[in-house]
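As structure tokens, the structure follows; a few thoughts come after it.
Everything numeric in this text was worked out from a predicted model, so none of it was measured. Along the sequence shown, residues carry numbers from 1.
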Amino acid sequence: MSDSVQTSAVRVGMQAECAVARGKTRDADRALDTVATQGLVFDARMKILSLLIFSASIMGARATSTTYIAAVLAVVLLLLVHQWNAAKTTAIMCVVLAACAWMPLVWFTGAWVAVLSMTCMWLLRFAVMFGFAAFLLLTTSPAQFTAAMVWARLPRFVIIPMTVVFRFIPALGQEYRSIMDAMQLRGVAPGFWNLLTHPIRSSEYMVVPLLASSTRLADDLSASGLLRGLGANPHPTSAEPLRFSWKDLLLLAATVAIACIELLRPFELS
């Protein structure tokens with residue numbers, strides 16, 4: 001009698017765990033497949049192409065004026081797709097880093113000024129790339145991203161890892177926000193002052209739950225990928241067809257223009 005009761009309890013526990021796992025998987029899929037639909041809608045292929053071209057143009061040794069043009073374009077694109085927070089963050093970072101790169105050269109001289117200016121200039125390039133990456137990540141669903149890579153005839157060993165990473169990053173950000181909300185409810189949220197006075201303890205409060213959540217999230221995404229047949233079909237269909245419109249043509253023109261400016265201008269070290 002006791003064996004049957006114990007077996008029933010184990011069975012109930014396994015069913016409960018399976019139900020929780022299915023619920024987490026559905027929640028993760030629902031959160032990841034939801035992207036911003038307000039504002040202008042750009043084709044995923046054009047967004048990926050523009051990100052690659054801008055990365056090659058901005059990170060060059062002579063990209064100085066091109067960086068400022070690309071920064072303005074990144075903020076404008078984020079505003080067009082109604083990503084106000086990302087546009088504000090990108091604009092603030094670019095303005096602060098540009099000011100830190102040029103203002104010390106006006107008032108001070110010395111080797112440390114040159115080092116500071118060069119460091120801020122390179123950080124400015126990464127800030128611009130942050131804006132373009134946010135433009136891609138915040139407005140592209142995993143289905144659109146996968147369809148764009150399939151359209152480009154990329155091999156499966158490239159498509160599958162990129163799809164998993166593309167789904168993992170937004171979900172990890174959502175897990176981080178959930179952890180911070182739970183810590184604030186318990187009154188143990190590491191604020192700015194606690195981060196300065198107790199950096200190890202504050203980092204532990206954030207890193208340990210985030211690592212545990214990352215492990216569970218990886219299992220949920222793996223189960224979701226298996227249920228969707230990820231990697232089973234070499235030519236999968238997409239529920240969101242890719243469409244090239246006049247907006248993508250304008251973005252392509254701006255991308256090609258910046259690339260041509262960078263290639264045709266004389267060489268100069270920044």
Same cluster (ILVMFWY, side-chain, under 4.5 Å), [X] and [Y]:
X: Val128; Y: Val76; value: yes
X: Ile92; Y: Val95; value: no
X: Leu136; Y: Val72; value: yes
X: Trp151; Y: Leu154; value: no

Query raised in the report: What's the verdict on side chain to side chain contact (heavy atoms under 4.5 Å, CB included) for Cys94 and Tyr68, showing C-alpha distance, side-chain angles and the deciding distance?
Result: CA-CA 8 Å; Cys94 292; Tyr68 301 115; over 6 Å; no
Supply the atom-to-atom distance [X] [atom1] to [Y] [atom2], rounded to the nearest 0.5 angstrom.
X: Leu211; Y: Arg216; atom1: CG; atom2: CZ; value: 11.0 Å
X: Thr255; Y: Leu52; atom1: OG1; atom2: CG; value: 10.5 Å
X: Leu40; Y: Leu251; atom1: CG; atom2: CG; value: 11.0 Å
X: Thr67; Y: Trp122; atom1: OG1; atom2: CH2; value: 8.5 Å
X: Leu73; Y: Thr66; atom1: CG; atom2: OG1; value: 12.0 Å
X: Leu242; Y: Phe145; atom1: CG; atom2: CZ; value: 12.0 Å

Query raised in the report: Does the pair Leu249 and Phe244 meet the rule for a side chain to side chain contact (heavy atoms under 4.5 Å, CB included), with working shown?
Result: CA-CA 8 Å; Leu249 183 62; Phe244 195 85; 4.2 Å; yes
Side chains of [X] and [Y], heavy atoms from C-beta outward: is any pair under 4.5 Å?
X: Met46; Y: Leu49; result: yes
X: Thr139; Y: Leu78; result: no
X: Thr163; Y: Met149; result: yes
X: Leu116; Y: Cys100; result: no
X: Ser213; Y: Tyr176; result: no

Query raised in the report: Does Phe126 CZ have over 12 foreign heavy atoms under 6.0 Å away?
Result: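 Open.
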Query raised in the report: How about Lys247: does its NZ atom have over 12 heavy atoms from other parts shown lying under 6.0 Å from it?
Result: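 Check passes, neighbour count above 12.
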Query - Closest contact, heavy atoms only, Ala70 versus Ile58 - result: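 The answer is CB-CD1, 3.4 Å.
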Report task. Return the minimal non-hydrogen interatomic distance between Thr90 and Gly131, and the atom names on each side. Result ->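 Nearest heavy atoms, Thr90 then Gly131: OG1-CA, 3.6 Å.
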Query raised in the report: Does a donor on one side chain sit under 3.5 Å from an acceptor on the other, for Asp248 and Ser245?
Result: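 Judged by distance alone, the side chains do pair up.
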Requested in this report: I would like to know whether Leu51 and Met129 meet side chain to side chain contact (heavy atoms under 4.5 Å, CB included); could you show each step before the answer?
Outcome: CA-CA 8 Å; Leu51 177 62; Met129 295 315 306; 3.6 Å; yes
Query raised in the report: If only atom types and distance count, is the side chain of Thr89 paired as donor or acceptor with the main-chain N or O of Ala86 below 3.5 Å?
Result: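 No: the side chain of Thr89 does not pair with the backbone of Ala86.
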Requested in this report: Considering only Ile, Leu, Val, Met, Phe, Trp and Tyr, and joining two whenever side-chain heavy atoms are under 4.5 Å apart, list the other residues clustered with Met93.
Outcome: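 ILVMFWY cluster around Met93 also holds Phe130.
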Query - Geometric class of the Phe42/Phe135 ring pair [parallel <30°, tilted 30-60°, perpendicular >60°] - result: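 Phe135 and Phe42: perpendicular rings.
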Query raised in the report: When Ile179 is tested against each of Val208, Val207, Leu210 for side chain to side chain contact (heavy atoms under 4.5 Å, CB included), which residue passes?
Result: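 Output: one option passes, namely Leu210.
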